[in-house]
Peer 1: 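Here it is: the structure, laid out below.
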Amino acid sequence: MAATIEPNGVLIFTSRREVRRAVFDALDLDGDFVLLSARDAGQLEALLADAPPLHVVVVCADGSADTAQGLRILRASPAYAALPIVYVVDDTPGVAPEGALDWLRTGAIAAELAQRVRAALQVPAAPAGPAATRSDWRFAFDAGAAWVVASTPDGCILDSGAAMERLWAGSGPVQGRLLSEVFVLANGSGWPVPDGDAMPCLLRRPDGGQIGGEVDVRHIVDHGAHRIAVAFRDLRTVDVAERALSLLAVLDACPSDDDGMSEAAALLADALELDVVAVWSALPESEAGPEVLARIWNGPTPVEWPEAGDLPLLKVCLGGEPLVRLGDDGDAPLADPLVEALGLRTYVLLPLLDERRSVIGAVLAGRCRPSNDARVLAPALRAATARFASALELRRAREQGRARGLVDTLTGLPNRLLFNDRLDTTIREAERTGECFATLLVDLDRFKGINETLGHAVGDQVLTSVAKRLRASVRASDTVARYAGDEFTLILRHIIKRDDVLRIAEKVVQAMELPLSLDDGSELQATISVGISFFPDDAVDGELLLRHADEAMYGAKSLGRNNYQIYAANVDAAQQQQAELKVRLRHAVRNEELRVFYQPQVEAESEDIVGMEALVRWEHPELGMISPGFFIPLAEASGLIVPIGEWVLRTACAQARAWEDRYGLGLRLGVNLSAVQLMQPNLAAVVANALRDTRLEPGQLELEVTESISVKTVPHLVETLDALHAMGCRIAIDDFGTGAASLDYLRRLPADRIKIDQSFVRNIGVDPDDEAIVRATIDMAHRLKRGVVAEGVEIEQHLHFLRANGCDELQGYLFCRPLPTATFEKLLGERERLVSEGQAIPA
Ligand SMILES: Nc1nc2c(ncn2[C@@H]2O[C@@H]3COP(=O)(O)O[C@H]4[C@@H](O)[C@H](n5cnc6c(=O)[nH]c(N)nc65)O[C@@H]4COP(=O)(O)O[C@H]3[C@H]2O)c(=O)[nH]1
């Protein structure tokens with residue numbers, strides 16, 4: 001008989017619930033580990049008293065007194081003193097926790113922890129006492145930096161990283177040298193210097209070679225000894241394009257008003273070490289002459305600026321000609337009072353062009369010394385110029401009056417210019433916050449025909465009504481703009497799941513279903529085609545996002561109009577893959593490739609588990625775990641959802657019964673029913689058989705019916721659900737609030753509970769409209785004597801809001817992700833253990 005391999009005991013010690021949860025999720029997938037957790041030193045002590053077999057400890061190095069106390073308890077126990085510890089540290093660089101065998105940042109738990117714990121298991125137990133291993137200096141620096149560590153105060157280099165060895169290569173060991181021999185600080189300071197970042201510095205090699213760069217310096221304590229850690233960044237590797245791009249990103253963060261323009265000019269001057277940056281606006285039709293909008297002068301002495309109208313170079317540039325002078329060589333420059341007054345030896349004067357390529361201003365960048373960095377200067381300035389030009393155009397539009405310039409007079413919606421500005425702002429924010437959003441391009445089908453046959457007045461009425469319906473289909477925080485003629489553009493913010501956007505797109509298309517009423521009392525049926533692209537998946541710049549949405553919109557048109565399509569980089573390939581998967585899915589049940597995961601639902605006040613939702617997964621042999629969000633629609637389209645749904649129901653009921661027999665908690669089991677299943681005349685019999693065969697109490701089974709299923713499209717929906725209800729099963733309305741008929745649903749269906757859709761929960765703290773919907777939904781459900789579960793509870797803020805507003809139960813990543821059967825079982829086991837010990841129940 002093969003020997004069974006005992007799982008390794010891993011102790012997780014942290015008071016931070018989100019870290020505990022992440023560690024649990026990362027380690028508890030394959031059953032290799034038995035996990036124990038302690039939140040504080042007291043709990044740790046109680047746990048160790050039972051002498052559980054432990055092999056590795058994962059500790060969150062939060063610097064707290066309680067963590068230090070816990071570590072002392074661990075080290076004081078002879079059985080555990082030599083256990084390897086893997087530390088989890090926050091994402092900012094810090095100092096190595098004493099005695100760390102290994103460490104990782106919190107952000108890397110999911111990707112790296114299991115591997116590091118396995119590696120730690122291979123390390124022979126170290127003798128108790130302070131670690132004698134070589135220190136790991138990655139704590140002090142970003143990964144990949146070329147670092148050295150020196151003693152203090154003499155600055156003798158004791159240790160160095162691989163990147164440093166590479167820079168030093170072929171020149172003997174760097175250890176033993178003095179910091180002052182190796183690093184020459186540009187400001188002339190001698191070593192040691194205080195802590196600091198990005199200090200310009202030369203790395204001097206014994207072969208005489210010098211490398212220009214920067215150093216970050218940290219004074220750290222390692223095992224009680226004071227050290228200086230120095231990280232060197234080789235600036236030779238900074239590529240031209242990268243510098244231009246990062247400059248552009250900085251400039252982009254400036255607002256597009258006059259202050260923003262001065263801010264951008266100052267940033268440009270700093271980044272490129274320019275002595276002067278000036279921006280002029282010049283309207284071709286204006287008699288007033290060029291107007292200075294921003295003027296940065298970093299030159300040695302104050303100067304008197306000549307009148308803009310008297311500058312020959314500016315005049316040439318405003319005529320559309322760029323002027324570049326990078327040193328004293330070449331033809332004698334055109335005499336210019338400004339160049340002379342400022343003493344410029346290097347300058348670039350570029351025209352600013354609007355979208356129609358008309359000159360609307362000029363930008364001057366210059367230095368009082370010759371330049372040898374034209375490769376950086378030219379592209380960086382070109383990038384900056386585009387930014388100044390669009391700010392200038394926007395400013396001009398604002399000057400012309402908000403009503404005329406930025407808002408479309410017919411529909412009252414933002415126009416193209418304002419939309420582009422909002423899109424840029426949204427991109428900048430999203431880059432900072434990591435938010436995902438969608439861009440929709442909406443085109444009226446056959447609008448040209450309406451305009452030509454019924455006249456422009458009717459065309460205008462159609463556009464106005466469509467604008468109103470679009471505005472009404474989305475949230476107040478979303479943008480709807482009239483982009484051009486019959487084209488509208490939308491930005492849908494804070495998107496987590498693509499499905500959320502598809503739902504809104506569906507709503508937008510459906511919003512046109514009712515005919516539009518015209519002024520003369522007649523009616524007209526309009527339809528629209530919608531293209532969707534996603535930031536950042538499809539593109540990270542506004543122009544490309546719109547281009548992709550446009551392509552998708554043409555895809556919708558070619559599919560017969562009156563529908564929406566998502567941008568797909570390669571539509572054919574995606575369709576081909578779907579067709580192949582459909583074939584494969586046919587055999588998934590037989591091949592035992594489907595799995596049921598379970599996600600706990602907890603009582604809002606106590607956070608104790610009261611139920612679970614069964615969620616199917618497809619473990620494709622080559623593609624790995626496939627989400628139901630992807631394959632359930634395929635299964636529905638091919639009718640395969642009927643056998644798959646029945647398999648999920650039977651598997652989950654049998655499991656719920658087994659847990660009931662073992663733990664007796666009366667947990668409720670939620671199982672999703674799709675519209676196709678609800679259309680089967682024998683559904684009630686299928687459910688009854690599953691309950692009979694598995695011996696699960698009908699009252700423990702909750703069938704979840706999504707709100708998007710329409711009473712109209714599923715014949716006998718009410719009767720079917722009534723029959724299931726009469727059997728004793730509970731009915732929950734899933735995704736509540738996302739459809740058009742929420743109230744109607746509640747009144748007509750025998751629902752016991754509603755599940756607030758996660759798109760609303762996610763916007764708690766983000767969108768007051770959605771908060772109001774959540775509050776109203778809870779209130780309405782309670783008035784109608786229905787229970788409420790909130791889905792997608794991810795952060796403490798969601799929890800507090802939902803609790804404060806009386807939501808009964810909660811489900812979401814904050815408490816637990818959907819878990820495979822074995823892991824869920826461990827969760828129940830852990831709960832039982834804590835309850836039997838009289839301890840608080842794990843959240
Ligand atoms: N972002 C986020 N998501 C959270 C959080 N908590 C739970 N979720 C996810 O939200 C979904 C909840 O299920 P659903 O609304 O019924 O939505 C389900 C359901 O409509 C469908 N589905 C899953 N299993 C079945 C099934 O057996 N039969 C049918 N007909 N549909 C199923 O697929 C959908 C997606 O399932 P999953 O991918 O498992 O996604 C699950 C779950 O993993 C959270 O805090 N944040």
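Indexing begins at 1, ligand by ligand and atom by atom, following the structure's order.
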Peer 1: Indicate the atoms forming the closest heavy-atom contact of Arg422 with Ile491, along with that distance.
Peer 2: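 Taking Arg422 first and Ile491 second, the nearest heavy atoms are C-CD1, 4.2 Å.
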Peer 1: Numbering the atoms of ligand 1 from 1, which are under 4.0 Å from a heavy atom of Val793?
Peer 2: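 Listed by number with element: 45 (O).
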Peer 1: Quick one: look at Ser674 and ligand 1, take heavy-atom pairs under 4.0 Å, and tell me if it's side chain, backbone, both or neither.
Peer 2: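 Both backbone and side chain.
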Peer 1: Any idea which atoms of ligand 1 are less than 4.0 Å away from a heavy-atom of Asp734?
Peer 2: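 Taking each heavy atom of Asp734 in turn, ligand 1 has 14 (P), 15 (O), 16 (O) under 4.0 Å.
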Peer 1: Who's the nearest protein heavy-atom neighbour of atom 2 (C) of ligand 1, and how far?
Peer 2: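 It is Glu794 OE2, 3.2 Å.
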Peer 1: Examine the side chains of Gln599 and Glu613 and answer whether a donor and an acceptor come within less than 3.5 Å of each other.
Peer 2: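 No pair is found: no donor N or O on one side chain lies under 3.5 Å from an acceptor on the other.
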Peer 1: Could you pull out, from Asp735, Asn672, Val761, the option with a heavy atom nearest to atom 19 (C) of ligand 1?
Peer 2: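 It is Asn672 that holds the nearest heavy atom.
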Peer 1: List for me each residue that meets salt bridge (Lys or Arg N to Asp or Glu O under 4.0 Å) alongside Arg590, sequence neighbours excluded, and say none if there are none.
Peer 2: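 Checked Arg590 against salt bridge (Lys or Arg N to Asp or Glu O under 4.0 Å); zero matches.
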Peer 1: For atom 17 (O) of ligand 1, is some protein heavy-atom partner under 4.0 Å away?
Peer 2: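 Neighbour list for atom 17 (O) of ligand 1 is empty of protein heavy atoms (cut-off 4.0 Å).
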Peer 1: For residues Thr821 and Val596, determine if any side-chain heavy atom of one lies less than 4.5 Å from a side-chain heavy atom of the other.
Peer 2: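 No. Closest side-chain heavy atoms not under 4.5 Å.
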Peer 1: When you measure from atom 6 (N) of ligand 1 to every protein heavy atom, which one gives the shortest distance, and what is it?
Peer 2: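 Result: Gln599 NE2, 3.0 Å.
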Peer 1: For the residue pair Tyr598 and Phe824, categorise the inter-ring angle as parallel (less than 30°), tilted (30 to 60°) or perpendicular (more than 60°).
Peer 2: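 Rings of Tyr598 and Phe824: tilted, 30 to 60°.
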Peer 1: When you compare ligand 1 with Glu636, is there at least one nitrogen or oxygen pair between them that comes in under 3.5 angstrom?
Peer 2: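 By distance alone, the answer is no.
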Peer 1: If you measure from each heavy atom of Arg617 to ligand 1, is any distance below 4.0 Å?
Peer 2: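 It does; at least one heavy atom falls under 4.0 Å.
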Peer 1: Name the option, out of Trp647, Tyr813, Phe815, that contains the heavy atom nearest to atom 44 (C) of ligand 1.
Peer 2: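 The option holding the nearest heavy atom is Tyr813.
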Peer 1: Counting only heavy atoms, which portion of Glu791 has something under 4.0 Å from ligand 1: side chain, backbone, both, or neither?
Peer 2: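 Answer for Glu791: side chain.
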Peer 1: Measure up the His548 and Tyr567 rings against each other and bin them: parallel (under 30°), tilted (30 to 60°), perpendicular (over 60°).
Peer 2: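 Ring orientation of His548 relative to Tyr567: parallel.
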Peer 1: Is there at least one pair of N or O atoms, one from Val616 and one from ligand 1, spaced under 3.5 Å apart?
Peer 2: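 So ligand 1 has an N or O lying under 3.5 Å from an N or O of Val616.
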Peer 1: Between ligand 1 and Glu613, can you find any atom pair, the residue atom being a heavy atom, that is separated by under 4.0 Å?
Peer 2: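 Checking ligand 1 against Glu613, which is what was asked, there is a heavy-atom contact under 4.0 Å.
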Peer 1: Decide whether Arg503 and Ser759 meet the rule of one side-chain donor and one side-chain acceptor closer than 3.5 Å.
Peer 2: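 Indeed, the side chains of Arg503 and Ser759 share at least one donor-acceptor pair under 3.5 Å.
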Peer 1: What protein heavy atom sits nearest atom 37 (P) of ligand 1, and how far away is it?
Peer 2: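 The protein heavy atom lying closest is Pro628 CG, 3.6 Å.
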Peer 1: Among protein heavy atoms, which sits nearest to atom 41 (C) of ligand 1, and what does the distance come to when rounded to 0.1 Å?
Peer 2: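 Checked against all protein heavy atoms, atom 41 (C) of ligand 1 sits closest to Leu615 CD1, 3.8 Å.
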Peer 1: Among all protein non-hydrogen atoms, which one is nearest to atom 43 (O) of ligand 1, and what is the separation to 0.1 Å?
Peer 2: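 Here the closest protein heavy atom is Pro818 CG, 3.2 Å.
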Peer 1: Val10 versus Val23: any side-chain heavy-atom pair under 4.5 Å?
Peer 2: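 Contact flag for Val10/Val23 side chains = no.
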Peer 1: Heavy atoms, side chains only, cut-off 4.5 Å: are Val501 and Phe534 in contact?
Peer 2: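 Side chain of Val501 against side chain of Phe534, heavy atoms only: contact under 4.5 Å found.
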Peer 1: Take a 6.0 Å sphere around CD of Glu719 and say whether it holds more than 12 heavy atoms from other residues, nucleotides or ligands.
Peer 2: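 Atom CD in Glu719 is crowded, with more than 12 foreign heavy atoms closer than 6.0 Å.
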Peer 1: What protein heavy atom sits nearest atom 9 (C) of ligand 1, and how far away is it?
Peer 2: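 Minimum-distance protein heavy atom for atom 9 (C) of ligand 1 reads Gln758 NE2, 3.6 Å.
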Peer 1: Side chain, backbone, both or neither: which applies to Val671 and ligand 1 if a contact is any heavy-atom pair less than 4.0 Å apart?
Peer 2: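 For Val671, no heavy atom sits under 4.0 Å from ligand 1.
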Peer 1: Would a 4.5 Å heavy-atom cut-off, applied to side chains only, mark Arg753 and Phe736 as touching?
Peer 2: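 Sidechains of Phe736 and Arg753: no contact.
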